[in-house]
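Counting convention: from 1, in listed order, for ligands and their atoms alike.
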Amino acid sequence: MARALRPVIAGNWKMHGTLASARALAAAVRAGAEAAETRAEVVVCPPHPHLSAVAEVLSGGPVALGAQDCHALPAGAHTGDVSAAMLADCGCRHVILGHSERRAEHHETDGIVRGKALAALEAGLTPILCVGETAAERAAGLAEEVVVVQLAGSLPERFCADGGILAYEPVWAIGSGRTPTEAEIAAMHAAIRRALEARFGEAGKATRILYGGSVKPGNAAAILRLPEVNGALVGGASLEAEAFLAILRAAP
Ligand code: PEP
């Protein structure tokens, strides 16, 4: 069943660009996605200050807007944070949560990520929730165990039923140019699927599991055709429209 799931190709623009470059990149991705004969769902996730401008560029087209984080609470004295409802108000339909850079740089625990995911769902946003092991954890043979523990702690009960999306992103593969072998990716995605089915039943079967970590035009087709890989979360290569669109065209 999982092979029939509609793929998602999502771009994480991280802390890059200017208003002008964000508008130009969004326009190029929109034009390319309109021209591509793809059944994939396309999402771009600019930095917060660029969301409204990019929303205008994407309005009425096939590319959805996402953000890169939100707070767990709907409002309050939280300087520098943004709520899920604010993101929805800006035109976002998705939000990346629990990215390893936030887990590392902002000390986000599974419990914090879970609270954010719940807030996102309550605001009508689709979380793209990231899990993944470090190089040391993989070297110690703990990769699957670490990811299964992250899933148990990060996913709220309604996650799968409400259409949440997962992204398996080995920390050591992000921005490094290194990726796991195809067999390692397939094994981890199978383990994630088993964990989702065990906890969420049918809804767990229908949940998209993206791979992220140094996806490029050159390796995208091989990764995207692996069993239980339902799309990609793309960092560096999403900053160049042509590279991102080549990955999009590689989606089955
Ligand atoms: C990411 O940060 O989510 C990511 C996958 O980055 P990159 O594609 O650059 O490895």
Going by an N to O cut-off under 4.0 Å, is there a salt bridge joining Glu202 and Lys205?
-> yes

Those residues at least two apart in sequence (or on a different chain) that pass salt bridge (Lys or Arg N to Asp or Glu O under 4.0 Å) with Glu137 are none

Close residues (non-hydrogen atom under 4.0 angstrom from ligand 1) work out to Asn12, Lys14, His99, Glu169, Ala173, Ile174, Gly175, Gly212, Gly213, Ser214, Leu233, Val234, Gly235, Gly236

Does this structure show an ion pair linking Lys116 with Glu108, if we count only N-O contacts that are shorter than 4.0 Å?
yes

Sequence neighbours left out, cut at 3.5 Å: what donor-acceptor pairs do the side chains of residues 91-98 make with other protein atoms?
| from | atom 1 | to | atom 2 | distance (Å) |
| --- | --- | --- | --- | --- |
| His94 | NE2 | Glu41 | OE2 | 3.4 |

Salt bridge (charged side-chain N to carboxylate O under 4.0 Å, His left out) pairs touching residues 230-245, sequence neighbours excluded, are Glu242-Arg249

Check whether the side chains of Tyr211 and Glu228 place a donor and an acceptor atom closer than 3.5 Å, and report yes or no.
no

